[in-house]
**Student:** 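Quick one: this structure, given as structure tokens, is what I'll be asking you about.
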Amino acid sequence: MKAAIIGYGKMGREIERILSERGHSVALVIDADNASDLDAEHLAGVDVALEFSTPATAYANIRTCLECGTAVVSGTTGWTERLAELQALCRERQGAMFYASNFSLGVNLLFRLNRRLAELVGRMGGYDVRIEETHHTQKKDSPSGTAITLAEEAIAGLPGKSAWVNYAPGLDHAAHRIDTPAEAPADAVVIESVREGAVPGIHTVVYEAEDDRLELRHEIKNRRTLALGAVVAAEYLCGRQGIYTMDDLLR
Ligand SMILES: NC(=O)c1ccc[n+]([C@@H]2O[C@H](COP(=O)([O-])OP(=O)(O)OC[C@H]3O[C@@H](n4cnc5c(N)ncnc54)[C@H](O)[C@@H]3O)[C@@H](O)[C@H]2O)c1
């Protein structure tokens with residue numbers, strides 16, 4: 001497989017190592033200083049692009065890949081309110097695109113467990129839900145894309161919930177931000193975001209009733225598992241057409 005790496009930061013570098021370990025070649029590396037090289041000429045012959053850049057640049061990068069007919073795997077978070085636009089473009093161009101807010105196998109098992117639990121709790125009633133996420137201090141978006149997915153899936157199962165809000169003390173860039181948990185409307189799932197040290201990612205979903213509390217918790221030990229998931233997704237996407245997620249890969 002001939003790959004392009006778009007975004008040569010922590011994830012891009014880890015992905016480069018795994019591509020090489022699995023016998024793939026890297027034909028193009030794009031970062032902020034050569035972003036204008038992302039064009040049809042440089043993408044010619046590339047089988048798949050792996051896009052892990054920033055919330056401000058992901059949309060344009062993925063769009064360029066689709067317009068140039070290059071299959072693209074992206075895991076960049078913090079911009080996905082525009083994901084549907086790119087999925088429509090992908091369909092129109094008969095391209096190939098794979099997006100996941102989290103490429104870890106364990107997190108995707110957590111998504112499945114959470115969906116099922118929300119459904120059961122929704123039928124039974126009596127429980128409130130909240131989500132806690134902790135990440136390293138360099139993370140540019142809040143809440144994490146993974147926490148948003150967990151919240152959306154909880155909302156789908158719980159009749160009393162219809163939105164999420166973010167309690168993120170000290171973070172100005174938080175989306176749907178509230179300043180204290182007490183401000184949260186009753187129909188909102190509170191996502192609490194903590195930024196500390198070099199933590200790769202911890203997510204906890206808490207279902208709490210008057211008499212007991214149930215928690216689903218996942219902790220990533222290193223970034224390698226995320227990069228490996230993205231490379232496996234790229235191998236899967238190679239030669240395919242359409243829009244894919246981790247559910248397709250796990251199936
Ligand atoms: N889906 C997942 O499993 C997963 C896992 C880890 C990180 N992420 C997300 O991936 C993104 C990148 O994470 P990271 O830890 O590597 O961040 P990072 O800050 O280490 O790297 C981002 C890189 O993008 C570069 N960049 C800036 N503008 C660019 C442009 N126009 N084109 C290409 N590159 C550009 C930056 O210079 C930087 O090197 C973040 O949104 C993060 O939340 C997702």
Side-chain angles (χ1 to χ4, degrees), residues 3-19 26 28-39 42-43 46 49-66 68 70 72-83 97-111 133-150 166 168 171 173-175 191 193-195 197-203 218-234 236-237 244-247 249-250:
I5 294 177
I6 307 176
Y8 197 49
K10 293 181 282 300
M11 280 299 286
R13 283 162 208 267
E14 197 69 53
I15 283 169
E16 182 181 44
R17 270 190 285 277
I18 289 171
L19 283 168
V26 177
L28 177 68
V29 176
I30 299 285
D31 202 76
D33 54 359
N34 68 338
S36 60
D37 284 353
L38 187 65
D39 56 22
H42 288 90
L43 283 169
V46 166
L50 291 108
E51 203 280 341
F52 284 77
S53 65
T54 71
T57 53
Y59 176 87
N61 287 342
I62 300 168
R63 189 173 183 100
T64 303
C65 291
L66 293 172
C68 295
T70 305
V72 57
V73 171
S74 176
T76 306
T77 56
W79 66 276
T80 48
E81 61 289 346
R82 299 191 75 186
L83 181 61
M97 178 176 172
F98 192 121
Y99 181 80
S101 63
N102 198 308
F103 281 94
S104 135
L105 175 63
V107 160
N108 284 278
L109 295 176
L110 173 72
F111 287 152
E133 57 106 346
T134 305
H135 281 89
H136 54 87
T137 50
Q138 287 158 26
K139 186 162 176 60
K140 293 189 175 72
D141 53 320
S142 167
S144 70
T146 304
I148 294 174
T149 304
L150 288 166
N166 190 204
L171 296 179
H173 57 258
I191 304 174
S193 298
V194 175
R195 296 290 171 260
V199 179
I202 304 173
H203 290 91
H218 181 270
E219 176 168 355
I220 283 184
K221 293 195 198 166
N222 56 56
R223 214 162 262 118
R224 194 185 149 78
T225 178
L226 299 168
L228 177 63
V231 172
V232 171
Y236 173 88
L237 193 62
Y244 299 94
T245 67
M246 286 298 280
D247 278 340
L249 188 60
L250 293 177

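Everything numeric in this text was worked out from a predicted model, so none of it was measured. First listed ligand is number 1; within each ligand, the first listed atom is number 1.
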**Student:** Do Ile220 and Leu226 have side-chain heavy atoms sitting under 4.5 Å apart?
**Tutor:**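 Side-chain contact under 4.5 Å: yes.
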
**Student:** Are Arg195 and His136 side-chain neighbours, meaning at least one heavy-atom pair lies under 4.5 Å?
**Tutor:**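 Contact flag for Arg195/His136 side chains = no.
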
**Student:** Using atom types as modelled and distance alone, determine if a side-chain donor or acceptor of Asn108 lies under 3.5 Å from a backbone N or O of Asp247.
**Tutor:**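 No; judged by distance alone, with no hydrogens or angles, the pair does not exist.
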
**Student:** Output yes when a side-chain donor or acceptor of Ser144 lies under 3.5 Å from a complementary backbone atom of Ala147, and no otherwise.
**Tutor:**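 Answer holds: yes.
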
**Student:** The criterion is ring pair (Phe, Tyr, Trp, His ring centres under 6.0 Å); which residues satisfy it with Phe111, sequence neighbours excluded?
**Tutor:**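 Expected list: none.
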
**Student:** Do Glu16 and Arg13 sit within salt-bridge range, that is, some charged N less than 4.0 Å from a carboxylate O?
**Tutor:**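 Arg13 and Glu16: not salt-bridged.
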
**Student:** Can you list, by chain and residue number, every protein residue with a non-hydrogen atom closer than 4.0 Å to ligand 1?
**Tutor:**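 Within 4.0 Å of ligand 1, the protein residues are Ile6, Gly7, Tyr8, Gly9, Lys10, Met11, Ile30, Asp31, Ala32, Ala35, Phe52, Ser53, Thr54, Thr57, Asn61, Gly75, Thr76, Thr77, Ala100, Ser101, Asn102, Phe103, Lys139, Lys140, Asp141, Leu226.
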
